[in-house]
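First up is the structure itself, then whatever we jot down about it.
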Amino acid sequence: MTPDLFQPVRLGRYELANRIVMAPLTRSRSRSDGVPHSSLAAAYYQQRATAGLIVAEGTNISAQARGYAFTPGIYTKEQIEGWQPVTEAVHEKGGRIFVQLWHVGRISHPSLQPDGALPVAPSPLRPDVQAFTETGFQPCVTPRPLETDEIPGLIEDYRHAAHSALAAGFDGVEIHAANGYLIEQFLRDSTNLRNDIYGGALHNRVRLLLEVTEAVSRECGGDRVGIRLSPVSPVNDIGPDHDPAATYGYAVEQLNAFGPAYIHVIEGATQGPRDAVPFDYEALRRSFKGFYIANNGYDRALAQQTLALGHADLIAFGRAFIANPDLVERLRIGARLAAPQRETLYGGGREGYSDYPALTPAERAEAQSVPA
Ligand code: PHB
């Protein structure tokens with residue numbers, strides 16, 4: 001049978017209802033201490049639980065990991081308790097939910113850091129990016145390079161966050177190694193100028209990703225771990241790697257040792273064109289033994305074609321899930337998609353978050369009468 005978006009599929013130990021993934025989306029509606037607004041977030045995620053898999057928004061693994069105001073964390077008891085109603089609400093509807101483990105590295109600001117400290121990074125290179133702080137946008141600063149002997153503590157933060165994620169009822173975790181954040185700052189030679197065992201040669205630049213994946217997989221089991229990658233995305237002022245095919249190909253091959261369930265790949269520029277920089281995603285996919293989740297700018301037709309050609313195992317939709325809680329149903333019947341409101345993307349309450357309506361029965365009937 002030709003693979004299809006609406007077919008159930010087994011991912012690791014889980015039987016997913018379909019091949020549609022809700023991609024992680026930062027919505028900045030948590031408290032300043034990283035505790036999610038439980039009832040708000042539970043409603044929002046439960047409305048979207050018909051996705052085969054939800055990957056909850058980027059969630060800080062430690063106080064140092066934070067780079068955006070009002071983003072959630074997953075390292076304190078209060079945060080774990082804040083997430084529990086959310087995972088329960090998704091499970092109640094038969095959904096599955098992973099959480100994305102996030103450390104922003106240099107994409108932060110002292111006002112978001114414990115004791116006003118400098119953000120950390122592999123090397124002291126200032127990104128030309130505005131950080132979203134509690135008092136508005138402020139330019140990022142030159143980060144403090146991590147000492148080699150701080151890395152074990154950093155890996156322990158990832159492990160502890162993975163442990164906390166399971167305690168909060170998440171079905172697994174996704175390691176954020178994309179979009180110009182900490183792990184990608186180590187991966188690319190444009191942002192990693194180190195000369196210790198975490199920099200320089202390719203196997204050194206990949207070391208942090210592998211050590212994090214090993215620690216997290218030991219905690220959760222590799223089949224409950226995914227890794228997000230964005231081999232050519234320029235987002236967050238990260239310069240291109242001099243040889244993305246070699247860097248990301250090697251990284252993915254080495255990841256196989258830990259048996260991750262999936263890689264989740266942003267094809268092209270994050271939230272931008274899919275084809276700005278040529279890259280052979282098919283080769284990347286062939287280097288990896290687990291599932292390949294394709295993401296970025298997919299519509300129904302491209303998603304179905306990609307699955308039918310065997311170029312991906314699942315397709316992730318991000319922006320489309322914001323204003324379409326019933327995206328799975330809309331894709332199934334070929335209904336029109338609602339557009340999100342820009343002003344309510346980040347911050348605020350239920351408006352522009354958990355108040356986007358599903359199709360009414362009448363709208364559904366009308367959509368079904370028009371051939372998709
Ligand atoms: C964003 O808030 O725009 C954002 C956050 C995390 C990402 C990418 C984009 O990985």
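Numbering of residues begins at 1 and proceeds along the displayed sequence. Both counts, for ligands and for their atoms, begin at 1 and track the order of listing. For clarity, every value in this text was computed on a predicted model and none was experimentally measured.
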Do the ring centers of Trp102 and Tyr68 come within less than 6.0 Å of each other?
->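 Yes, close enough.
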Between Tyr44 and Tyr353, is the gap from one ring center to the other below 6.0 Å?
->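 Yes: the rings meet the under 6.0 Å criterion.
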Output a table of donor-acceptor pairs, distance under 3.5 Å, between side-chain atoms of residues 263-279 and any protein atom two or more places apart or on a different chain; print 'none' if there are none.
{"unit_1": "His264", "atom_1": "ND1", "unit_2": "Glu174", "atom_2": "OE1", "d": "2.9"}
{"unit_1": "His264", "atom_1": "ND1", "unit_2": "Arg228", "atom_2": "NE", "d": "3.3"}
{"unit_1": "His264", "atom_1": "NE2", "unit_2": "Arg228", "atom_2": "NE", "d": "3.4"}
{"unit_1": "Glu267", "atom_1": "OE1", "unit_2": "Arg274", "atom_2": "NH1", "d": "3.1"}
{"unit_1": "Glu267", "atom_1": "OE1", "unit_2": "Arg274", "atom_2": "NH2", "d": "2.9"}
{"unit_1": "Glu267", "atom_1": "OE1", "unit_2": "Tyr298", "atom_2": "OH", "d": "2.6"}
{"unit_1": "Glu267", "atom_1": "OE2", "unit_2": "Tyr292", "atom_2": "OH", "d": "2.7"}
{"unit_1": "Thr270", "atom_1": "OG1", "unit_2": "Asn179", "atom_2": "OD1", "d": "2.6"}
{"unit_1": "Thr270", "atom_1": "OG1", "unit_2": "Ser233", "atom_2": "OG", "d": "2.7"}
{"unit_1": "Arg274", "atom_1": "NH1", "unit_2": "Asn296", "atom_2": "O", "d": "2.8"}
{"unit_1": "Arg274", "atom_1": "NH2", "unit_2": "Tyr298", "atom_2": "OH", "d": "3.4"}

Charged N to carboxylate O below 4.0 Å: is that the case for Arg159 and Glu214?
->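 Looking at Arg159 and Glu214, the cut-off is not met.
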Pairing residues for Asp223 by the side-chain hydrogen bond (donor to acceptor under 3.5 Å, both in side chains) criterion, not counting sequence neighbours |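 Scan of Asp223 (side-chain hydrogen bond (donor to acceptor under 3.5 Å, both in side chains), adjacent residues dropped) gives Arg13.
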Near ligand 1, which residues have a heavy atom under 4.0 Å away from one of its atoms?
->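 Its neighbours under 4.0 Å (heavy atoms only) are Thr26, Trp102, His176, Asn179, Tyr181, Gln271, Tyr346, given by chain and number.
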With sequence neighbours excluded, residues passing ring pair (Phe, Tyr, Trp, His ring centres under 6.0 Å) with Phe291 |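 For Phe291, no residue satisfies ring pair (Phe, Tyr, Trp, His ring centres under 6.0 Å) once neighbours in sequence are set aside.
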